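Written below as structure tokens is the structure these notes are about.
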Number of protein chains: 2
Amino acid sequence: MSKMRRSERIVRLTQILLEQPHRVLSLTEMADKLSSAKSSLSEDLAIIREVMESEGLGTLETQAGAAGGVRYVPGFRKELGLQYIQQISEILGSGERILPGGFLYMSDVLGDPILLDTAGKMFAARFKESGADYVVTVETKGIPIAVAAARYLSVPMVVVRRDHKVTEGSSVSINYVSGSRRIQTMSLSRRSLPEKSKVLIVDDFMKAGGTVKALIDLMKEFQVEVVGTGIFMSTEEPQEKMISGYVSLATLREVDEQARQVEIVPGTYFNEEE
Amino acid sequence: MSKMRRSERIVRLTQILLEQPHRVLSLTEMADKLSSAKSSLSEDLAIIREVMESEGLGTLETQAGAAGGVRYVPGFRKELGLQYIQQISEILGSGERILPGGFLYMSDVLGDPILLDTAGKMFAARFKESGADYVVTVETKGIPIAVAAARYLSVPMVVVRRDHKVTEGSSVSINYVSGSRRIQTMSLSRRSLPEKSKVLIVDDFMKAGGTVKALIDLMKEFQVEVVGTGIFMSTEEPQEKMISGYVSLATLREVDEQARQVEIVPGTYFNEEE
């Protein structure tokens, strides 16, 4: 490839960095790829960092030395997060979404590519320092959010199954009592998590926290450390949860079946840093 | 915000475009956002398009006129796809992955953020002209791939459930006979797909095609049109499938339990265009 102009290099570098968040990319390899001097790349990266920081998109971390590299660490602005929760609240606030039993239909929200991506970015920004090696969720509705969070954290995503599957090999299973007082099972392939890993638990919805607590118990069986819990939406009631320290994007305050009203407010994500 | 320099605008524009594939973005709005003249933006976009096309990342489509806009259409190079299948083949080719019954453990591949993202890009590039309004999959293992494909096609993703859930509202259910000759159920919320939509079906694995055929039958109940079927991996045997015209990234030619060998070759994705 012939030598690129600065503006061309910047397109390519921006693309390479955005596509691989949290990966340390070697300056030497990038210089080869773009047929450019490392000194030019450093100037380009300074420009990219400046824009990313001023736009609240995150930052670039550079490592000096022979093994010098650069890493894009996605960030997220709190005010954009509040706009996002406002948007979620408007979408879900429509009375038409209330299902018999006071459940809320939100599968379409969890299937929307932009809404999902934003949730993933928010969790990745919040847990960027957690050291998580894996994002863990339980099937089914938590999976899309776990995929989005894992993408922006650049770690693998692991799905706990509701029952043991032949395609998972030998598994560890636990039983637990769900919010509806039924005995349920969770099962995870032995191969999926190496001992001493750090995991971030992600799920779509949490009421009392029985499912998340069971996930935490299952993680103990694998001798891995839970470094955080990210929930898309938690309910305000019961206030006493079975777990502590979770981070929720939104809080479901009320579903009034009679009046067909739903109230959603920003979650613990927006509390002052503990 | 003060006026941006060209290189700064290019970082921002590249980021905005990459984050929202297939969306028509208004030039007027972008000019406002970046405090720049539309004529400068047009020059920037020409540079971005040139790099994207020369790198095989896709293209930019511009629409002239008062409602002028620009749209990033992701592309994917066939030779990169072949490298990808080679990589998948090496990862999955290890004999340690063969499970009792000749099943292949591949949950970690479907959980890897880069491998997943690449599969999504490949499907999005292949089906970019399909007009799909939705990506549809069935739980569980197809979901991550469906999320990735839907992200790059910028359409919502819909998950068909294995049984009827209270959180889905009124649903349409069908029964079908699976490859293992068991009667299975699929269920999809009535709200999830408007009539006359176009859907792309995505799944992780296909043997004879019974599950995909059932998905296609379910789609008929919703009066939507199936415009394509994308499979991560299909098996070579049986050669006679229950569906036709599917696009698979990889073909599983053989799992030899005795010799602990697995053979994976490029799928129908790489056939000459029909």
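Below, all heavy atoms of this structure are taken into account, side chains as well, without hydrogens, waters or symmetry copies. All of these numbers come straight from a predicted model, not from anything done at the bench. The sequence lines fix the lettering, A, B, ..., with proteins before strands; numbering per chain opens at 1.
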* Has A:R260 got more than 12 heavy atoms of other residues, nucleotides or ligands less than 6.0 Å from its CZ? -> yes
* So, A:T14 and B:Q15: side-chain donor and acceptor under 3.5 Å apart, yes or no? ->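 No, B:Q15 and A:T14 have no side-chain donor paired with an acceptor closer than 3.5 Å.
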* Check the side chains of B:K165 and A:T140 for a donor-acceptor pair under 3.5 angstrom, ignoring hydrogens and angles. => no
N-O pairing of [X] and [Y] below 4.0 Å:
| X | Y | value |
| --- | --- | --- |
| A:E139 | B:R162 | no |
| B:R151 | A:D117 | yes |
| A:K121 | B:E19 | yes |

With a 4.5 angstrom heavy-atom cut-off, is it the side chain or the backbone of [X] that approaches chain A, or both, or neither?
| X | result |
| --- | --- |
| B:L57 | side chain |
| B:L153 | neither |
| B:V155 | backbone |

* **Listed partners of A:Q20 passing side chain to side chain donor-acceptor pair (under 3.5 Å), at least two apart** =>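 Scan of A:Q20 (side chain to side chain donor-acceptor pair (under 3.5 Å), adjacent residues dropped) gives none.
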* Distance, nearest 0.5 Å, that separates CG of A:L18 from CG of B:L18 -> 6.0 Å
* Nearest heavy-atom pair of A:E168 and B:L99: which atoms, and what distance? -> N-CD1, 3.9 Å
* **Contact summary for B:R191 and A:E96, nearest pair of heavy atoms** => NH1-O, 2.8 Å
Choice from [options] maximising heavy atom contacts with chain B below 4.5 Å:
| options | answer |
| --- | --- |
| A:D112, A:V147, A:T167 | A:T167 |
| A:V158, A:D108, A:I114, A:V159 | A:I114 |
| A:S192, A:P113, A:S170, A:S154 | A:P113 |

Chain B heavy atoms under 4.5 Å from [X]: which part of the residue, side chain, backbone, both or neither?
| X | answer |
| --- | --- |
| A:Y134 | neither |
| A:S189 | side chain |
| A:L110 | backbone |

* Asked: Quick one: of B:M106, B:M52, B:M157, who has the most non-hydrogen atom pairs under 4.5 Å with chain A?
  ->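 Most heavy-atom pairs under 4.5 Å with chain A: B:M157.
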* Of the listed residues (B:R161, B:E50, B:R97, B:R6), which shares the most heavy-atom pairs with chain A below a 4.5 Å separation? ->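 Option with the greatest count: B:R161.
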* Going by the side chain to side chain contact (heavy atoms under 4.5 Å, CB included) test, name the single residue among B:V51, B:I10, B:I48, B:D44 that passes it with A:S7. =>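 Filter result, single survivor: B:I10.
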